[in-house]
Amino acid sequence: MRRTLLLCWGLALLCWQAVAQSAYFYPQAGPMNPAVPTPEQFLGYPVGSHHTRYDRMVAYFQELDRVSDRVTLETIGETPGKRPVLMLKVTDPANHARLEDIRQANLRRADAADKTPLVVQIGANVHGNEPSGGESTLLTAYYLAASESEETRRWLNEMVILIVPVINPDGRDRFNTWANMHKGSPVVTDPADREHNEVWPGGRTNHYWFDLNRDWYLCVHPETRALVRQFHQWRPYVVVDHHEMGTNSTFYFDPGKPTSDNPLVPNGLYTNIYPRFAKHFAQAMNGIGSLYFTKEVFDKLYPGYGSSYANFYGGAGFLFEQASSR
């Protein structure tokens, strides 16, 4: 359990730390492989200064797959708008050579103390107009591909990290088109500005205007069916789901509302696992002087959320909510 906590809490924090720090977001990162281009070098602008079109995100992940022996890119599905649903598999090159053996061992084992690499999944942007999670996966994938630190090498040796950078590509591009088309220079912070107020249907939903964060249980839409199929092929121990919430909020992480605990899930997840992770999250947030809260909102009851589905299969799903620039 201690090994699982130490590895997984650090990785779960990696995505949101990417949008909270300077010096290319990782001031304590140590040496980085210069052969791996940063998102800024590839895209031509700093992450966060412009909403990245999905096709440019795809191109960057293809480049990471090309230049790094730590990264393998797979298309796991296709949206109604004919955009690929991507999954990056990031791990040590030696693990890449035996990925199928690791996958099979992960499905068989019940003892978390064995030495099979842990399987962890990061997902983002299931709501297309909550773009910071998708942008942060550019930075997370870069960091994991380029960092030469001992800590990162340990992560890659002891984990297989699955990254689904954008769960809802159609909605994301619908939102990006609106925001980039209407943004001003200098930037406009007035919440009444057109940039911050999409017309119906907005980018939250997918091509059919359905909220994909309600679909993990129903599996009506092709994006979700691709994700659920991959989930059951890998059964990750930890599933991280990155969202945004209201502009005037701060930052949320689990545990959720105590009254929303699902009685079909072992109670220890809510009373032991989530609080133990939360101590590490709080410590990291305190370290950067950021406000946060927990327990007050967001439920863990419905099995169709990306942050709760894993709970019903012996894993732990984590919801992160970042205050939105909208």
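Everything numeric here is computed off the predicted structure, so don't read it as measured data. All values below were derived from every heavy atom in this structure, side-chain atoms included, with hydrogens, water molecules and symmetry-related copies excluded.
A donor-acceptor contact shorter than 3.5 Å is absent between the side chain of Asn95 and the backbone of Thr91. Using modelled atom types, one side-chain atom of Glu130 and one backbone atom of Glu244 make a donor-acceptor pair closer than 3.5 Å. Judged by distance alone, with hydrogens and angles left aside, the side-chain atoms of Asn33 form no donor-acceptor pair with the main-chain N or O of Ala146 at under 3.5 Å. In this structure a side-chain-to-backbone donor-acceptor pair under 3.5 Å is missing from Arg172 to Tyr54. A distance-only check finds no donor-acceptor pair linking the side chain of Asn125 to the backbone of Asn168 [under 3.5 Å]. Listed for the Ser307 side chain is no donor-acceptor partner under 3.5 Å among the backbone atoms of Gly317. One N or O on the side chain of Asn106 and one on the backbone of Trp234 form a donor-acceptor pair closer than 3.5 Å. Checked by atom type and distance alone, the side chain of Ser249 never pairs as donor or acceptor with a backbone atom of Gly246 at under 3.5 Å. In this structure a side-chain-to-backbone donor-acceptor pair under 3.5 Å is present from Thr38 to Gln41. In this structure a side-chain-to-backbone donor-acceptor pair under 3.5 Å is missing from Thr177 to Arg174.
Using cut-offs of 30° and 60° for the angle between ring planes, the Tyr143 and Trp155 rings count as tilted.
Between atom CG of residue Asp92 and atom CZ of residue Arg98 there is a gap of 9.0 Å, rounded to the nearest 0.5 Å. Considering CG of Leu138 and OG1 of Thr52, their distance stands at 5.5 Å, rounded to 0.5 Å. The distance from the CZ atom of Phe281 to the CG atom of Asn286 is 13.5 Å, given to the nearest 0.5 Å. Taking CD of Glu195 as the start and OG1 of Thr189 as the end, the distance is 10.0 Å to the nearest 0.5 Å. In this structure, the separation between OG1 on Thr250 and OH on Tyr292 is 10.0 Å, given to the nearest 0.5 Å.
Under the 6.0 Å cut-off for aromatic ring centres, Tyr305 and Tyr302 qualify, their centroids lying closer than that. With ring centers used as reference points, Phe277 lies 6.0 Å or more from Phe253.
With sequence neighbours excluded, the residues that form a ring-ring contact (aromatic ring centres under 6.0 Å, His included) with Tyr252 are Phe293, Phe298. Scored by the salt bridge (Lys or Arg N to Asp or Glu O under 4.0 Å) test, Arg53 finds Asp55 as partners (sequence neighbours excluded). Among residues two or more places apart in sequence or in another chain, the salt bridge (Lys or Arg N to Asp or Glu O under 4.0 Å) test is passed with Arg214 by Asp211. In this view, His221 and Phe210 satisfy the ring-ring contact (aromatic ring centres under 6.0 Å, His included) rule, not counting sequence neighbours. Applying the salt bridge (Lys or Arg N to Asp or Glu O under 4.0 Å) rule to Arg194 yields no partners; only residues at least two apart in sequence or on another chain are considered. Shown here are the side chain to side chain donor-acceptor pair (under 3.5 Å) partners of Asn176, two or more places apart in sequence or in another chain: there are none. In this structure, Asp241 has no salt bridge (Lys or Arg N to Asp or Glu O under 4.0 Å) partners at least two apart in sequence or on a different chain. Qualifying ring-ring contact (aromatic ring centres under 6.0 Å, His included) partners for Tyr313, counting only residues two or more places apart in sequence or in other chains: Phe231, His232, Tyr309. For His51, the ring-ring contact (aromatic ring centres under 6.0 Å, His included) partners two or more places apart in sequence, or in a different chain, are Phe175.
Between Thr72 and His96, the closest heavy-atom pair is OG1-CE1, 3.1 Å. Closest approach of Gly134 to Ala124, counting heavy atoms only: N-CB, 3.8 Å. What you find for Gly306 and Val239 is that their closest heavy atoms are O-CG1, 3.6 Å. In terms of heavy-atom proximity, Ala141 sits nearest to Leu64 at CB-CD1, 3.6 Å. The minimum heavy-atom distance between His280 and Arg276, with the atom names listed, is CD2-O, 3.3 Å. Heavy-atom minimum distance, Thr137 versus Met57: OG1-CE, 4.1 Å.
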Show your reasoning for whether salt bridge (Lys or Arg N to Asp or Glu O under 4.0 Å) applies to Glu135 and Arg56.
CA-CA 11 Å; Glu135 299 284 347; Arg56 298 300 293 151; over 6 Å; no
Could you give me the CA-CA distance, side-chain angles and deciding distance for His50 and Lys183, then say whether side-chain contact (heavy atoms from CB on, under 4.5 Å) is met?
CA-CA 9 Å; His50 184 74; Lys183 72 176 183 178; 2.7 Å; yes
Applying side-chain contact (heavy atoms from CB on, under 4.5 Å), run through Leu73 and Leu86 and close with a yes or a no.
CA-CA 7 Å; Leu73 180 64; Leu86 302 180; 4.0 Å; yes
Before giving the answer on side-chain contact (heavy atoms from CB on, under 4.5 Å), spell out for His243 and His127 the whole-Å C-alpha distance, their side-chain angles and the decisive distance to 0.1 Å.
CA-CA 7 Å; His243 288 252; His127 296 142; 3.4 Å; yes
side-chain contact (heavy atoms from CB on, under 4.5 Å) between Leu144 and Ile163: does it pass, once the steps are laid out?
CA-CA 11 Å; Leu144 294 173; Ile163 302 175; 4.2 Å; yes
I'd like to know whether Arg154 forms a salt bridge (Lys or Arg N to Asp or Glu O under 4.0 Å) with Glu151, so could you lay out the CA-CA distance, the side-chain angles of the two residues, the decisive distance to 0.1 Å, and finally the verdict.
CA-CA 5 Å; Arg154 182 189 175 205; Glu151 180 182 48; over 6 Å; no
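Across Met87, Arg225, Gln121, a single residue satisfies side-chain contact (heavy atoms from CB on, under 4.5 Å) together with Gln230, and that is Met87.
Annotation: salt bridge (charged side-chain N to carboxylate O under 4.0 Å, His left out) contacts involving residues 295-312, sequence neighbours excluded, comprise Asp254-Lys300. Within the structure, side chain to side chain donor-acceptor pair (under 3.5 Å) contacts touching residues 75-85 (residues at least two apart or in different chains) are Glu78-Lys82, Thr79-Asp170, Arg83-Asp170, Arg83-Asp173. The ring pair (Phe, Tyr, Trp, His ring centres under 6.0 Å) contacts involving residues 56-82 comprise Phe42-Tyr60, where partners must be two or more places apart or lie in separate chains.
Met245 places none of its side-chain heavy atoms less than 4.5 Å from the side chain of Gln322. A 4.5 Å side-chain heavy-atom check between Pro37 and Val67 finds at least one atom pair inside the cut-off. Contact annotation: the side chain of Val160 never approaches that of Leu118 to less than 4.5 Å [non-hydrogen atoms, C-beta and beyond].
Environment of CD in Glu150: sparse, with no more than 12 heavy atoms of neighbouring residues, nucleotides or ligands closer than 6.0 Å. Atom CG of Asp190 has more than 12 neighbouring heavy atoms from other residues, nucleotides or ligands inside a 6.0 Å radius.
Salt bridge Glu148/Arg70: present, at least one basic N to carboxylate O contact under 4.0 Å.
Under the 4.5 Å side-chain contact rule for hydrophobic residues, Tyr45 and Val47 share a cluster. Under a hydrophobic-cluster definition in which Ile, Leu, Val, Met, Phe, Trp and Tyr are linked whenever side-chain heavy atoms come within less than 4.5 Å, directly or via other members, Leu301 and Ile273 are assigned to different clusters.
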